[in-house]
Amino acid sequence: MFAYAALSPEELSNTKFLPDNATSLTLFLNKNPTVTDYFTGKTVNYRIAFAGQYSVPVLYTPQETIRLINVDFLPWGAYSIFGMEQSALHNVTSDATVLFPELKALVPDLEAHLDDDEYCVRILENFLLSELQKRTKYADERVIAACKEITESKGNLQIKGLCKKKGMSHSRVTNYFS
């Protein structure tokens, strides 16, 4: 899901990002983006940030109005594109260009068009689709289907039944979700 937002310091400072099961990729459209996590004091000043799944509240405080494009992924979505286990980024926001070096090539083009939201969305979308096509052949469709089933049931299912239904051993499921 793509979303555009322009949030004043007051709006962002009053918006708690509650624990979420989604990971997200955020492109900041400000010239020098900076937000601070109120609870930890950590500053995020990346052009493109990647946030893992959070189990603690996050409250950002900016110095100026922040304009951004946010891409939220379903729990298995970011893995399908980037091939990184989501547990590696639990409660962490990182510079996405360090995690995924392929993004570095986009930064000059994006920075040249920060005032054109639609252009930036198209660039990100094309990149993500391209990465997905590269990795789709490596993704285990059974794991993606299992993730979808877990999400749709809100986690209310038995692992034994899921394993049988998806034709996977308990150890294989455990390895994917550890």
Side-chain angles (χ1 to χ4, degrees), residues 1-5 7 12 14-28 35 37-40 42 44 46 48-60 68-104 106 120-178:
M1 176 183 78
F2 282 85
Y4 168 81
L7 299 167
L12 191 57
N14 290 318
T15 304
K16 265 190 190 174
F17 295 88
L18 298 174
D20 194 352
N21 69 349
T23 54
S24 64
L25 185 73
T26 303
L27 169 65
F28 289 96
V35 295
D37 182 332
Y38 175 82
F39 297 115
T40 67
K42 291 183 182 178
V44 174
Y46 318 123
I48 307 173
F50 188 84
Q53 297 172 334
Y54 273 80
S55 59
V56 297
V58 179
L59 179 62
Y60 290 114
L68 56 88
I69 295 170
N70 199 65
V71 182
D72 281 338
F73 299 96
L74 291 169
W76 64 88
Y79 175 78
S80 297
I81 293 173
F82 298 115
M84 178 179 276
E85 291 184 20
Q86 301 307 288
S87 60
L89 295 167
H90 183 74
N91 292 330
V92 174
T93 298
S94 302
D95 181 343
T97 63
V98 172
L99 292 173
F100 317 115
E102 303 86 1
L103 280 168
K104 283 183 185 176
L106 302 180
C120 290
V121 166
R122 280 194 309 273
I123 293 295
L124 284 174
E125 183 177 39
N126 288 338
F127 169 79
L128 294 170
L129 289 171
S130 171
E131 289 300 305
L132 181 62
Q133 288 174 345
K134 287 181 198 175
R135 299 190 197 289
T136 299
K137 60 187 170 203
Y138 302 112
D140 187 331
E141 295 301 321
R142 296 175 302 171
V143 173
I144 293 170
C147 288
K148 187 174 183 179
E149 191 162 327
I150 291 167
T151 301
E152 288 172 353
S153 72
K154 297 182 181 4
N156 294 320
L157 54 84
Q158 292 188 356
I159 299 300
K160 187 177 180 180
L162 179 68
C163 293
K164 186 175 182 178
K165 192 173 185 180
K166 298 302 172 194
M168 299 174 71
S169 69
H170 187 272
S171 62
R172 184 159 179 95
V173 170
T174 303
N175 286 339
Y176 271 106
F177 291 98
S178 62

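It should be emphasised that the depicted structure is a prediction, and the values quoted were computed from it without experimental measurement.
- Put simply, the side chain of Thr151 gets close to the backbone of Cys147: a donor and an acceptor are under 3.5 Å apart.
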Pair Leu124, Phe2 - check side-chain contact (heavy atoms from CB on, under 4.5 Å), show working. CA-CA 10 Å; Leu124 284 174; Phe2 282 85; 4.1 Å; yes

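- Counting all heavy atoms, side chain and backbone alike, Val92 lies closest to Tyr54 at C-OH, 3.2 Å.
- Note that CG of Leu59 is 7.5 Å distant from CG of Asp37, once rounded to the nearest 0.5 Å.
- Surrounding OH of Tyr38 are at most 12 heavy atoms belonging to other residues, nucleotides or ligands under 6.0 Å away.
- Pairs passing the salt bridge (charged side-chain N to carboxylate O under 4.0 Å, His left out) check and including a residue from residues 161-170, sequence neighbours excluded, read Glu149-Lys165, Glu149-Lys166.
- Aromatic ring pairs are classed by plane angle as parallel below 30°, tilted from 30° to 60° and perpendicular above 60°; the pair Phe100 and Phe50 is perpendicular.
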Which is it for Leu27 and Ile123 under the side-chain contact (heavy atoms from CB on, under 4.5 Å) test, yes or no, and what are the steps along the way? CA-CA 11 Å; Leu27 169 65; Ile123 293 295; over 6 Å; no

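- Residues forming a salt bridge (Lys or Arg N to Asp or Glu O under 4.0 Å) with Arg122 (at least two apart in sequence, or on another chain): none.
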Using side-chain contact (heavy atoms from CB on, under 4.5 Å), reason through Ile150 and Leu157 one step at a time and then give a plain yes or no. CA-CA 7 Å; Ile150 291 167; Leu157 54 84; 4.3 Å; yes

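- In this structure, the separation between CG on Leu132 and CZ on Phe127 is 11.0 Å, given to the nearest 0.5 Å.
- Going from atom CD1 of Ile81 over to atom CD of Glu131 covers 8.5 Å, rounded to the nearest 0.5 Å.
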Would Val71 and Leu128 satisfy side-chain contact (heavy atoms from CB on, under 4.5 Å), going step by step from the backbone distance to the final call? CA-CA 10 Å; Val71 182; Leu128 294 170; 4.0 Å; yes

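- Tyr46 and Thr93 are not linked by any side-chain donor-acceptor pair at a separation below 3.5 angstrom, with hydrogens and angles left out of the test.
- Using a 4.5 Å cut-off on side-chain heavy atoms (C-beta onward), Leu25 and Ile48 make contact.
- One distance of note links NE2 of His170 with CZ of Arg172; it measures 14.5 Å at 0.5 Å rounding.
- Between the SG atom in Cys120 and the CG atom in Leu106 there is a gap of 10.0 Å [rounded to 0.5 Å].
- When all heavy atoms of Ala49 and Ala96 are compared, the closest pair comes out as C-CB, 4.0 Å.
- Side chain of Asn91 to main chain of Ser55: a donor-acceptor pair is present (N/O by atom type, distance under 3.5 Å, no hydrogens or angles).
- Residue Phe39 comes nearest to Pro57 through the heavy atom pair CD1-O, 3.5 Å, listed as atom of the first residue, atom of the second, then distance.
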